[in-house]
Amino acid sequence: MKEKIIKLLEESTALCRAEGLFEVKSLPFIELEVTRDETHGDYASNVAMVIASQARKNPRAIAQAIVAKLKDDGGLLSRVEIAGPGFINFFVREERWRGLLLEIERLQERYGTLAIGTGRKVQVEFVSANPTGPLHIGHARGAVTGDVIANILRASGHDVVKEYYINDVGNQMRTLGRSVYLRYREALGEAIDFPSDHYQGDYIAELAREILSRDGERYLGKPEDEILPFFTAYAAGSIMQGIKDDLAAFGVLFDCYFSEGKLYENDGVMKLLGELQEKGHVYKEGDTLWFRSTAFGDEKDRVVIRDTGTPTYFAADIAYHKNKFDRGFDTVIDVWGADHHGYIPRLKASIEALGGNREALRIILVQLVSLLRDGKPVAMSTRAGEYVTLRQVIDEVGKDAARYNFLMRRSDSQLDFDLELAKRQSNENPVYYVQYAHARISSITRMAAERGMDVPSGENAEINLLKLPEEIQLIKAVIRYPEVIEGAAKALEPHRVTFFLNELAGIFHSYYNKNRVITDDAALSRARLFLVSTIGQVLRNALGVLGVSAPEKM
RNA sequence: GCCCCCUUAGCUCAGAAGGAUAGAGCAACGGAUUCCUAAUCCGUGUGCCCCGUGUUCGAAUCACGGAGGGGGCACCA
């Protein structure tokens, strides 16, 4: 709908310009916005005012000219008005709105899938928590944000891969293995002075007991160097499996798990640094190798190989992102906790240094979640073993409510998550408001079926009977869904879908309370049944994008 | 000290790429159920859009300066 009007405007302004009604260097990008006030029509455009300021003419006169040249052959509009300082307000014919319901019927679960991303490969990398402990609530927000961004991009036609980067190399992994090993010895009766910089959580001791009951005492008395790799691998594998299970329970499924270790195979990281060296972007200082990231806008150069000869995490990350682009992704999206923002310049610098386009990497920063219990802050630390796990949140608050909760806010705004509140308010959570709308529609459909009335096809429903103001309002709201997906995809903002759902559900609830769908009037009942079934379809589609269920009953 | 994010109603937050009179939910108060699910609906009101200057036909939105809150400034990952 929006596009059609924009097209009309484009043709008309071009025509006016060709006839010399005004002079501009170039025609402006046509903006058309959904009006806030219905007396301003359905859509409004400010083109005339934009042209006017360039051409130094009266905006209303220009608007007048543009309107006169509009060629609405398709009979889309009932009225076009010029208002205020020079807005052009468009009133769409009611039957054109109704007609769009047939699109929903035609496309069903594909309604709201677009082609704007066709042919574009996108990777979304998120969560990527170290396999050193179970996921906690802090990871949950990033998980949902990344998951839904990927879903939205997929809906808009992009070829999307969801990826999890496993940091299975380095000190933390060694510490993990050693933590389990010490607990193992402890379980065998040895008095251990457990180091405070090791992982304290109960799951460590559990893993130790698991190994003990499986393999017995055979690791006792052997040199640490020899058996630590086993403990590390066992712990990481087991924890990673737990993470995957938790994510699955949270509705997050990855297409690809990428191991950091893989980057080191065949000297991959070293070869990459060699490539940077050839291009003159690294230099040596003593035994340390530096990447000249300041040449690409970073505030200081960064170490890539320590004086001990081992590469830094950053070196591996350069290789990782190189690898991503080598896999053919047009756009790479990383979802990070906001505390990593200082890392962006150096990573983008590395992409540019390797001849890539820094804009092809988009970083979504998710502000950290401060966890509260009854209004009081709860400290969280994986190492200290103090945290609320994602699993607990799923069990206590529920997957749907938890996901929806995170999706109601822009990801760059800080968020307090109060456990007690989340539990206590679970019945007032907005997610139920939306789900309830869907359940109600299902209930109507069931009731109709009991009375021998199936949801009619659009052809068999006399949709021109849908002429109440609230019906038109409902139709206008529901058919905006594809535009919402488009906007959310371009801005990478999942919360737009959530707000759309709240609004649509609200309009539906209001309609439901005021009007009956199933009445004695068979024709009207069919029309309304058709209407609400399209609402149900769109609710399902949008909830699906959010990874929230659409129940038939509540 | 430098850098990033945030600041809109009592609270939690939107504000759709500069537009017309600033919006929801929660909380408060009053009402609606013989009828498709009351996890619903209807009504009642509140704003120095953090402050200042600027840009322009027009600013919550853009620029600059400042204030408050959060985060970051590793040869950790």
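Note that this is a predicted model, so its numbers are computed, not measured. Throughout, protein chains are lettered first and strands after them, A, B, ... in sequence-line order, and every chain is numbered starting at 1.
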Any N/O donor-acceptor pair, A/His341 side-chain to B/G71 base, under 3.5 Å: yes
Nearest to side-chain heavy atoms of A/Arg36, which nucleotide of B/G23, B/G72, B/C41: B/G23
Donor-acceptor pairs under 3.5 angstrom involving side-chain atoms of residues 482-492 of chain A: please list them, not counting sequence neighbours.
from	atom 1	to	atom 2	distance (Å)
A/Glu486	OE2	A/Lys490	NZ	2.7

Determine the interatomic distance between P on B/C62 and the same-named atom on B/G18; round to the nearest Å. 9 Å
Can you identify which nucleotide, out of B/C36, B/U40, B/G72, has its nearest atom closest to the A/Ile518 side chain? B/C36
Nucleotide nearest A/Phe87 (side chain, heavy atoms from C-beta), chosen from B/A77, B/U40, B/G19: B/G19
With distance as the sole criterion, is a donor-acceptor pair present between the side chains of A/Glu471 and A/Tyr511 under 3.5 Å? yes
Closest listed nucleotide, where the reference is the side chain of A/His509 and the choices are B/C6, B/U40, B/C13: B/U40
Taking only side-chain nitrogens and oxygens of A/Arg440, does any of them come within less than 4.0 Å of OP1 or OP2 of B/A39? no
When you measure from the side chain of A/Arg409, which nucleotide among B/G69, B/A77, B/U12 comes out closest? B/U12
Using only modelled atom types and a 3.5 angstrom limit, is any donor from either the side chain of A/Glu31 or the base of B/G18 paired with an acceptor on the other? no
So which nucleotide from B/A14, B/A77, B/G19 ends up closest to the side chain of A/Phe499? B/A14
Any chance the side chains of A/Asp334 and A/Tyr165 put a donor and an acceptor closer than 3.5 Å? no
May I have the distance from A/Gln367 (atom CD) to B/C5 (atom C1'), rounded to whole angstrom? 5 Å
Between B/U21 and B/U61, how far apart are the P atoms? Round to whole Å, please. 16 Å
Taking 4.0 Å as the cut-off, does a side-chain nitrogen or oxygen of A/Ser510 come that near to OP1 or OP2 on B/C42? yes
Output the single nucleotide from B/A17, B/G71, B/C6 whose closest atom is nearest the side chain of A/Arg496. B/A17
From the list B/G69, B/G72, B/U40, which nucleotide is the closest neighbour of the side chain of A/Asp339? B/G72
Map A/His40 and A/Val303 onto RNA chain B by nearest heavy atom, then report which one ends up closer to the 5' terminus. A/His40
Taking the minimum atom-to-atom distance to the side chain of A/Tyr433, which one of B/U40, B/A39, B/A16 wins? B/U40
Please give the distance between the P atoms of B/U8 and B/C50 as a whole number of Å. 6 Å
When you compare the side chains of A/Thr39 and A/Asp37, does any donor N or O come within less than 3.5 Å of an acceptor on the partner? yes
Do the side chain of A/Asn89 and the base of B/A20 come within less than 3.5 angstrom through a donor-acceptor pair of N or O atoms? yes
With respect to the side chain of A/Tyr432, which nucleotide from B/A77, B/G19, B/A39 is positioned closest? B/A39
For B/A14 and A/Ser413 - does any side-chain N or O of the residue sit under 4.0 Å from the phosphate oxygens OP1/OP2? yes
Using a cut-off of 4.0 Å on non-hydrogen atoms, how would the nucleic acid contact of A/Lys553 be classed: base, sugar-phosphate, or nothing? base
Going by atom types alone, do A/Asn167 and A/Gln172 pair a side-chain donor with an acceptor below 3.5 Å? no
Using the C1' atom on both, measure B/G66 against B/C26 and round to a whole Å. 34 Å
Regarding A/Phe500, tell me which of base, sugar-phosphate or nothing describes its non-hydrogen contacts under 4.0 Å with the strands shown. nothing
Heavy-atom nearest pair, A/Phe314 first then A/Ser350, reads CZ-CB, 4.5 Å
Secondary-structure notation, RNA chain B, from Watson-Crick and G-U pairs under 3.5 angstrom (| other strand): (((((((..((((.....[...)))).(((((.......))))).....(((((..]....))))))))))))....
Answer yes or no: does a side-chain N or O of A/Arg410 lie under 4.0 Å from OP1 or OP2 of B/C6? yes
Ignoring hydrogens, what is the shortest heavy-atom contact between A/Pro494 and A/Thr145? Give both atom names and the distance. CG-O, 4.2 Å
When we call it a touch if two heavy atoms are under 4.0 Å apart, what does A/Asn515 touch: a base, just sugar-phosphate, or nothing? base
